[in-house]
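Remember, it's 1-based here, ligands and their atoms both numbered in the order they're listed. If you read the sequence from its start, that first residue is 1, and numbering goes on from there.
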Amino acid sequence: MTARILDGKSIALTIRQEIALDVALLVQKTGVLPCLAAVLVGEDPASQVYVRNKEIACEKAGIQSQLFRMPASTTTAELLALIEQLNHDSKIHGILVQLPLPTQINERQVLDAVLPAKDVDAFAPENVGLISQGRPRFLPCTPHGVMQLLGRCQIETAGKEVVVVGRSDIVGKPLVSMFLQRSGPLGPSNANATVTCCHSQSQNLAEITRRADILVVAIGKAHFITADMVRPGAVVIDVGINRLGDRIVGDVDFESVSNIASAITPVPGGIGPLTIAMLLKNTLMAATALSR
Ligand code: GUN
């Protein structure tokens, strides 16, 4: 293995310490205690773990969190009623509806109902539009984590060929938009890329991925990207979290790709910890804006 390992876990810890300081400052100045409402519908085991991790991270940063559990049989109307109640609750600053939702629930309708000022996932159409126009209110947590990791590891994106594999609303699409902007979360060198997005209908995928100076993979398929799909010296960012037997693995075949890439994120311990850190950041920002 020759690639530098990009340690998302330690970067996330640094960011969380920065946020904890800012939370303490906000409390001191305004008396407002930031509070995140997490809504969990049903018993999906992975979602339970994610929500629990978010609660623990909130507590460590001095952010309050409230968990709203609803049964798997919940209707769209029942969930909308809860969202409405949280929208109006002045003690709640951020609302997170954990996905996936049970199939009987109209997910789009629920996500659209979250007040944009409390939409810490940045899933609401208004917030997606603001990101696309380069004037974000909130940045979506996982894409923001990718940009923070690159910037804090001194990997510049300006002028580089970035290839994003995956076009999801949560990761791929917002990442494309963020790489394309004239400035990023850490300034102009943290944006301004030449961006290509590949997906399940793309032809000659390996040909496209081999062009990348920076390859970001978010398709949810274990070990999908192999060494032959990566340009020697490329930076490889693996957003995948897949269960393979009793192991958690990424979308990148770490073993082969780490011999050819110049830098690579591990799974676990790469982008995952940053997603949670950026959720805390958005909750702090929401509380700050709503306290004015
Ligand atoms: N499920 C998987 N990823 C996410 C995410 O970023 N936000 C929410 N709310 N649910 C998810």
Side-chain angles (χ1 to χ4, degrees), residues 8 12 15 35-58 63 65-70 72 74 79-80 82-83 86-87 92-103 105-116 118-125 127-128 131 136-149 164 166-178 216-222 237-243 248 250-251 267-268 270-283 285-286:
I15 295 175
C35 182
L36 174 71
V39 180
L40 180 58
V41 186
E43 310 285 333
D44 180 64
S47 290
Q48 309 229 27
V49 174
Y50 289 145
V51 167
R52 183 75 197 119
N53 287 341
K54 287 166 187 174
E55 282 185 308
I56 293 167
C58 278
I63 294 175
S65 69
Q66 283 185 36
L67 176 59
F68 294 84
R69 278 179 179 278
M70 300 186 87
T74 300
L79 189 49
L80 287 173
L82 172 64
I83 302 292
L86 298 173
N87 282 345
I92 302 276
H93 307 102
I95 301 171
L96 177 142
V97 182
Q98 184 63 37
L99 302 179
L101 290 169
T103 49
I105 292 179
N106 184 332
E107 182 174 295
R108 191 66 263 172
Q109 206 183 343
V110 169
L111 297 181
D112 285 359
V114 175
L115 192 69
K118 297 189 178 186
D119 170 36
V120 287
D121 263 326
F123 289 166
N127 289 330
V128 174
I131 293 160
R137 175 189 274 131
F138 300 116
L139 291 171
C141 303
T142 301
H144 190 187
V146 171
M147 303 311 283
Q148 287 284 342
L149 178 101
V164 177
R167 56 173 162 185
S168 69
D169 288 340
I170 298 184
V171 183
K173 276 191 220 159
L175 252 185
V176 166
S177 178
M178 288 165 70
V216 187
V217 192
I219 48 166
K221 288 189 181 160
I237 307 293
D238 189 350
V239 181
I241 300 178
N242 309 290
R243 204 168 282 275
I248 299 289
D251 292 349
V267 176
I271 295 300
L274 282 154
T275 297
I276 294 193
M278 301 337 292
L279 172 69
L280 302 179
K281 170 99 182 155
N282 283 349
T283 306
M285 284 173 62

Q: Report the C-alpha separation of Asn53 and Val51 in whole Å, then their side-chain angles, then the decisive distance to 0.1 Å, and conclude whether the side chain to side chain contact (heavy atoms under 4.5 Å, CB included) test is met.
A: CA-CA 5 Å; Asn53 287 341; Val51 167; over 6 Å; no
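Atom CG in Asp112 sits 10.5 Å away from atom CD in Glu107 (nearest 0.5 Å).
Contact detail for Cys141 and Asp121: the closest heavy-atom pair is SG-OD1, 4.3 Å.
Around ligand 1 you find Leu96, Val97, Gln98, Leu99, Asp121, Phe123, Ile170, each with a heavy-atom distance below 4.0 Å.
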What side-chain donor-acceptor pairs closer than 3.5 Å can you find for residues 271-282, not counting sequence neighbours?
{"residue": "Thr275", "atom": "OG1", "partner": "Thr142", "partner atom": "OG1", "Å": "3.0"}
{"residue": "Asn282", "atom": "ND2", "partner": "Val120", "partner atom": "O", "Å": "2.9"}
{"residue": "Asn282", "atom": "ND2", "partner": "Leu139", "partner atom": "O", "Å": "2.8"}

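Under a cut-off of 6.0 angstrom, the local environment of CZ in Arg108 is crowded, with over 12 non-hydrogen atoms contributed by other residues, nucleotides or ligands.
Lys54 pairs with exactly one of Ile63, Val49, Leu96 by the side-chain contact (heavy atoms from CB on, under 4.5 Å) rule, that one being Leu96.
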